[in-house]
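Working notes, beginning with the structure itself.
The sequence lines fix the lettering, A, B, ..., with proteins before strands; numbering per chain opens at 1. If you're wondering where the values come from, they're calculated on a predicted model, not measured in any experiment. In what follows, every heavy atom counts, from backbone to side chain, and hydrogens, waters and symmetry copies are set aside.
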Amino acid sequence: MGYAGLQLVNTMFMQELCERMTRQFDCDQVMHQKDDLSFLRVDRDRLESALMYLKTHEGFVHLSFVTVIDYIEDGFFRLNYMLYNYDKATNIGVQVDITRENPSMHSIHHLWAQGWTYQRELKEMYGIDFPGSPRVDEEFVLEGWDGIPPMLREFDTAKFCEDRFAKRDGRESQDIKQTMRDNLYPERGES
Amino acid sequence: MKLKDLTSPFYVWQRAFEKPYTQSKPTLNREGAHAYRGFHINDIEKCVGCGTCEEICMNNAIDMVEIAAKDSKKGDSGLVPRFDYGRCCWCALCVDICTTGSLRMSNEYTWAADDPDSFRFTPGVDETSWQDSEHGYRRHPEYDLLKLVRPEMEMLSPDEGLKSFDEVVAGYTHEQAVVEADRCIECEICVATCPANMDIPGYIRAVREENFEEGLRLLYDTNPFSATCGRICTHRCEDDCTISTFGKPLAIRWLKRYIVDQVPAERFAEILNDEITENGHHVSIVGAGPGGMSAAYYLRKKGYGVTVYEAGASGGGMLRYGVPSYRLPDDQLDKDIDYIVSLGVEVKYNTKIGHDIEFQQLMDKSDAIFIATGMDQPSSMRIKGEDHPRVLSGLTVLNDVASHKDPGVGKNVAVIGGGNVAMDAARVCRRLGADVTVLYRRRIVDMPADKDEIKEALEENCNFVLQAIPVLIEDAESSDQVTIQWGEAEMIAEDGKRPRPVLQEDRMHTDTYDSIISAIGQSGDFSFLPQEISDQLKQHWGKFEVDQRQRTAVGKIFIGGDIANDVADAISAIADGKNAAIGIDAFVSS
Amino acid sequence: MFDLKRYSEAELESGKFTKLWHGPQHPGITGNMSLELTLSGDDVVECKTHVGYLHRGFEKLMERRTYIQNFPVVCRIAVPEPTFNEYMYAAAVEELAGIEVPERAEWLRCLNLEMMRLASFLMWLGGACGSFGMSTVYQWTVTHRDYMLDLFEEMTGARIYHMYISPGGVRAPLPDGFSERALSVMNGIEKLLYEIERVALNNHIFKMRSQDLGIIDPEMVDPYGIVGPNARACGFKRDVRKDAPYLVYDQLDFEVITADKSDAYTRTLVRYQEMHQCISLIRQMLEQMPTKGSFHADLPNVLHWKIPAGQTYVKSECTRGEYGYFLVSDGSEYLRRVTIRGPSYTHAIAVMEKLVVGVNIADVAGLMVSLHTYPPEIER
Ligand SMILES: Cc1cc2nc3c(=O)[nH]c(=O)nc-3n(C[C@H](O)[C@H](O)[C@H](O)COP(=O)(O)OP(=O)(O)OC[C@H]3O[C@@H](n4cnc5c(N)ncnc54)[C@H](O)[C@@H]3O)c2cc1C
Ligand code: SF4
Ligand code: SF4
């Protein structure tokens with residue numbers, strides 16, 4: 001079967017799968033991004049069983065990564081668990097919204113042997129807790145960090161650098177409009 | 001274990017007889033690939049200091065700096081980029097985006113120095129060993145980050161246009177406007193070229209973001225004639241648009257028009273929210289052209305009581321009586337003027353200063369006076385017979401048409417001149433059904449008229465006779481006609497000066513027309529000024545001398561518009577009006 | 001102070017164990033990360049990995065740069081393989097922005113990626129041999145990698161951080177005469193590979209040290225998310241280039257290479273064969289490459305390029321397996337979130353910590369190299 005043929009089968013498979021998931025796990029949002037990638041939204045407490053189901057019954061044996069998107073303005077984190085089905089060559093992103101206040105989520109370390117690593121990273125970088133996840137409190141890439149988790153949207157990298165590092169001397173840039181005004185029409189165009 | 005696994009590795013000994021991989025020293029002179037992204041080179045003659053390189057650099061490695069070798073001028077900020085190689089990653093985004101192609105890279109990649117500050121340098125200014133390098137990265141001609149093409153404006157076909165005085169230019173559609181606005185790189189170089197120094201990138205951004213209310217507010221900060229200027233502005237800004245080095249300049253004028261067209265007149269007050277607190281002072285303005293009305297607007301906003309005296313029956317000056325309605329429909333001019341008047345500006349129409357009211361009266365009762373009476377006196381051709389009854393002035397023809405009178409030009413007309421008035425007169429005559437010949441002393445490239453105007457006149461089948469110098473006007477056989485004698489001219493350049501047309505007396509022609517329309521320039525009439533005042537005001541080439549804020553030698557008197565600036569276009573008059581308001585405010589409150 | 005006890009379950013006080021920090025310098029070319037090893041005699045009883053020595057916070061930096069400004073940033077996420085980052089970033093942006101890439105650009109990208117794979121494998125192969133004591137091979141492969149870098153320099157304008165694949169296409173077509181020079185480099189590498197086969201892969205000592213070292217049980221593959229040659233060496237016929245063909249892979253002739261036992265030796269063998277495969281793919285592409293047509297799509301003005309809100313995951317097969325970018329846009333000029341998924345995330349941490357137990361200290365570097373990991377893609 002050529003790739004085009006495969007795509008068609010995949011699309012149907014994905015559509016049916018998403019329907020099954022919606023029925024079974026009340027996924028309230030389904031988004032088909034492309035032939036071989038869809039996103040599903042599930043409830044915080046249904047995530048584990050949804051992942052378990054996808055892994056054991058639907059062939060999504062591979063966990064590509066776990067990540068989070070910070071929607072600071074709306075006060076929530078969106079966790080994203082990206083799974084892959086090798087036979088159908090399709091990805092599914094299972095997403096869960098959790099509140100930004102004291103964020104915490106069920107651990108999936110027992111479903112995938114590398115799951116704890118992602119959770120450890122998310123704890124460090126976003127402050128999301130995964131109770132029961134091995135070594136979740138150990139430092140991951142940071143060492144002796146005492147600021148807020150640095151991947152949070154409110155962590156201002158520019159300000160961090162300004163506070164931390166000296167500015168290099170002799171680095172001044174002139175504003176184009178202001179320079180031209182000063183040199184060419186000093187008294188005109190004010191309000 | 002296989003025997004082979006023991007013997008096979010000894011193969012390595014064979015290498016002993018081969019040429020080594022290593023090279024002997026010195027190896028430092030290896031030349032980089034031809035398109036290597038090495039150290040920067042900038043041709044500062046070409047660089048216009050637009051700062052786009054600085055803008056795109058994600059490492060913040062570029063500063064725009066002043067240099068001794070270059071001053072600011074229109075279209076060139078005079079600044080050049082200085083590079084901090086402590087930060088640069090040689091991505092060449094700056095080279096890709098450089099609007100003039102002045103910036104590129106050499107294929108040089110070694111530079112050792114013990115002073116870390118020396119790695120901060122200004123290519124093209126600081127001496128470097130690679131500045132003349134032939135090789136190195138430059139943007140591939142087919143790889144464009146700048147958007148060079150302008151959406152095609154919908155216009156009436158020349159045939160269609162000639163049938164009426166309907167507006168020729170349709171204006172951008174929403175989609176076109178947003179696409180066009182997207183091309184702007186916000187370098188702000190054009191702001192200095194705009195006589196009113198409008199925040200051009202700002203209002204273009206408003207179009208891009210589809211925020212027309214914000215757009216209108218930005219326009220009115222510097223220009224209360226935006227519906228008008230959005231149509232007929234001379235758009236000098238576009239000449240200096242940095243995109244025009246490789247592509248079409250931004251359609252700044254059309255984008256301005258697009259903003260005003262999106263906002264119905266009824267909503268102006270609510271959006272602009274011009275709150276007025278009376279300050280008890282009073283200013284008189286002579287002339288309700290763009291100069292006078294613009295001053296009125298900004299003075300009113302500052303709380304001044306404003307009276308505008310206008311000789312004509314309605315406002316707008318030359319915009320009303322000169323510019324034909326297929327370029328600027330009356331209702332658009334009204335849209336601008338009505339809003340200004342709605343702020344409580346008093347306009348006294350049909351009131352000619354020096355005739356209906358003496359100038360001295362204004363001097364006595366006002367805290368300050370702004371004069372913007374424009375130029376409505378046609379210049380003379382200085383040839384015999386020009387007072388022939390079949391010789392009409394372009395201004396008169398246009399004025400008649402604007403006042404819905406028939407100027408009676410006949411069926412076969414010659415227009416003398418190459419400026420905008422000539423083009424307008426010619427195209428108006430075409431619309432009145434005449435065949436039109438335009439006689440101009442020089443070449444097409446020398447014509448002062450707007451390029452678009454020339455193009456459209458040609459499309460409307462005006463017949464251009466170039467390098468033609470009128471010599472004599474005589475009676476024709478029929479008293480309804482007139483004869484003109486003209487000679488061919490050669491363009492002759494003397495000692496490096498701009499070439500001058502020189503009459504070739506052996507190549508003379510005689511033609512007969514129903515009328516000859518003279519449109520070679522105009523001047524102002526200042527007879528309304530009392531002698532002692534007139535004596536104090538300095539003039540130069542028929543224009544009053546004023547400073548940046550339109551001040552004159554007489555404290556109370558401010559002058560602007562066509563009678564004060566050399567440019568003589570609407571936007572300059574508007575800018576003068578605004579700057580006069582600032583000047584007057586400073587004068588009155590001091 | 002570092003609290004050893006907190007990290008270790010082995011009774012250090014008993015005096016039976018030794019604690020050893022392996023790294024963060026990298027013997028072989030594993031990149032800067034360190035292994036906190038607990039040894040009993042010469043054998044590892046426990047391992048904890050530590051990352052954080054290199055590039056940190058790329059994903060965060062990217063949230064603060066415009067879409068065009070990010071394209072020179074991403075290559076830095078993996079020194080030996082910048083191109084995959086360039087391609088993945090561009091592909092994700094193009095997908096969300098709805099940009100069609102011209103066909104010629106697809107070929108040029110694909111060629112660039114396979115050249116990258118070969119260059120990266122060369123460096124890796126040298127490291128693999130080096131960490132088993134054969135540093136001569138390392139010199140050979142690094143030399144030939146340098147010839148590859150010369151090609152990159154010509155094609156892209158830079159040797160390491162090419163910044164060649166930009167959103168919309170590529171920045172330039174191939175320079176004149178490139179094919180001939182590339183083919184001659186390919187011939188040289190092919191010859192070199194046969195030499196390496198003789199002196200290293202067929203070397204009794206190399207075999208002794210690498211065979212049966214760090215065996216990945218097929219059962220581990222899915223739970224640990226093992227991909228690429230590490231998984232293919234134990235029979236998993238998985239390769240993104242075949243499973244979800246991108247660029248022009250569906251027009252090229254190649255087979256997924258597998259073996260039946262994923263130990264350090266077989267993994268080397270699989271990669272060795274994949275290098276030959278790279279050469280074949282490069283030759284095919286140089287032959288079929290279109291020489292005319294646009295190589296870059298028309299983009300909106302990049303200085304204020306906004307991309308409609310959306311999210312996607314794009315992936316490709318890098319030397320180490322599935323390499324992907326998860327990109328979330330929110331309609332502004334800045335991306336909302338990017339997550340870079342590299343195979344080392346699991347290979348160098350969870351997998352390494354498991355496989356290294358029981359391994360002799362002398363083989364730890366060899367084992368690590370055999371997993372082919374790049375710490376920068378862990379830290380991002
Ligand atoms: C045919 C033509 C086409 C043009 N096309 C363009 C164009 O496309 N784009 C552009 O930017 N510019 C154009 N211009 C130029 C533009 O119209 C003028 O530069 C502009 O109108 C000047 O404004 P102003 O306020 O100085 O004077 P004007 O517009 O001339 O206004 C002066 C006003 O003062 C009044 N006035 C004069 N004397 C007295 C007095 N003694 N008492 C009371 N009132 C008096 C007049 O009646 C008039 O209304 C054109 C001009 C002409 C003639
Ligand atoms: S090459 Fe890149 S990093 Fe260097 S100055 Fe130009 S844009 Fe900035
Ligand atoms: S982008 Fe080019 S023209 Fe503009 S300032 Fe930089 S070097 Fe000069």
Heavy-atom check, side chain of [X] versus side chain of [Y], under 4.5 Å:
X      : Y      : result
A/F140 : C/E379 : no
C/R337 : A/R78  : no
A/Y71  : C/V328 : yes

Check: Most heavy-atom pairs under 4.5 angstrom with chain A, which of C/P343, C/A350, C/P223?
Finding: C/P223

Proximity breakdown for [X] and chain C, heavy-atom pairs closer than 4.5 Å:
X      : value
A/Y86  : side chain
A/Q95  : side chain
A/L111 : neither
A/L83  : neither

Checklist line | Any side-chain donor near an acceptor of the partner, A/E143 and C/H50, under 3.5 Å | finding: no

Next item on the list: Look at C/R336 together with A/E73 and state whether they make a salt bridge at an N to O cut-off of under 4.0 Å.
Entry: yes

Between [options], who has the most heavy-atom pairs with chain C when the cutoff is under 4.5 Å?
options                      : answer
A/R153, A/M31, A/H62, A/M82  : A/R153
A/L63, A/L142, A/T117, A/L37 : A/T117
A/W116, A/F39, A/W112        : A/F39

Notebook entry, point to check: For atom CD of A/Q24, is the number of surrounding heavy atoms from other residues, nucleotides or ligands below 6.0 Å larger than 12?
Noted result: yes

Checklist line | Proximity of A/F65 and C/Y345 rings by center, below 6.0 Å | finding: no

Measuring heavy-atom distances to chain A, does [X] have an atom under 4.5 Å in its side chain, in its backbone, in both, or in neither?
X      : answer
C/Q311 : both
C/L61  : neither
C/R64  : side chain

Notebook entry, point to check: For A/A89 and C/D243, which heavy atoms make the closest approach, and how far apart are they?
Noted result: CB-O, 3.6 Å

Check: What pairs with A/K34 under salt bridge (Lys or Arg N to Asp or Glu O under 4.0 Å), at least two apart in sequence or on another chain?
Finding: C/E95

